[in-house]
Amino acid sequence: MQIETYGKDVEVTPALQNYVEEKLSRIGKHFDRHCEIKVTLALRKNEHHVDASANIPGQTLHAEAGGQTMYAAIDLLADKLDRLVIKQKEKKQQHAPVPVSDNGG
């Protein structure tokens, strides 16, 4: 899993980078294939804002969150993105084709 973190009017410190990677690493456990997540950290008025796009096999998921601190916003974002990924996986499993058994005739 690849996680890219960007700052918009915010310096992405190594501590923030590590925190983002630590929190979003659980999303990679849902997939056996490669996925890529792009995270943008920003300040909007008096709120810390985090925005993420996850490119998973066959789909792009988007989530955003805000909080009093950047760490709180990252926590909220990780929870939202995790729920989105689980919901998407459940949808795919419900629509999976049913195998047809061959009884030989």
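Along the sequence shown, residues carry numbers from 1.
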- [ ] Please identify each residue that fulfils ring-ring contact (aromatic ring centres under 6.0 Å, His included) with Tyr6, with sequence neighbours left out.
- [x] none

Open item on the list: Tell me whether the count of non-hydrogen atoms from other residues, nucleotides or ligands lying under 6.0 Å of CD in Gln2 goes above 12.
Closed with: yes

Measuring from atom [atom1] of [X] to atom [atom2] of [Y], what distance do you get when rounded to the nearest 0.5 angstrom?
{"X": "Arg83", "Y": "Ile27", "atom1": "CZ", "atom2": "CD1", "value": "11.0 Å"}
{"X": "His49", "Y": "Leu41", "atom1": "NE2", "atom2": "CG", "value": "10.0 Å"}
{"X": "Gln88", "Y": "Leu61", "atom1": "CD", "atom2": "CG", "value": "5.5 Å"}
{"X": "Met1", "Y": "Ile37", "atom1": "CE", "atom2": "CD1", "value": "4.5 Å"}
{"X": "Glu47", "Y": "Thr69", "atom1": "CD", "atom2": "OG1", "value": "10.5 Å"}
{"X": "Lys38", "Y": "Asn55", "atom1": "NZ", "atom2": "CG", "value": "7.0 Å"}

Task: Same cluster (ILVMFWY, side-chain, under 4.5 Å), Leu81 and Leu76 - done: no

Task: Hphob cluster co-occupancy, Leu43 + Val39, side-chain heavy atoms under 4.5 angstrom - done: yes

Open item on the list: Checking Glu22 now: which residues fulfil side chain to side chain contact (heavy atoms under 4.5 Å, CB included) with it, not counting sequence neighbours?
Closed with: none

Open item on the list: Checking side chain to side chain contact (heavy atoms under 4.5 Å, CB included) between Ile74 and each of Leu24, Val50, Thr5, Asp79, which is the one that passes?
Closed with: Val50

Task: Ala42 backbone acceptor or donor facing His48 side chain under 3.5 Å - done: no

Task: Basic-acidic side-chain contact under 4.0 Å: Asp82, Lys23 - done: no

Task: Considering all heavy atoms, the nearest Ala73-Gly67 contact - done: CB-N, 3.8 Å

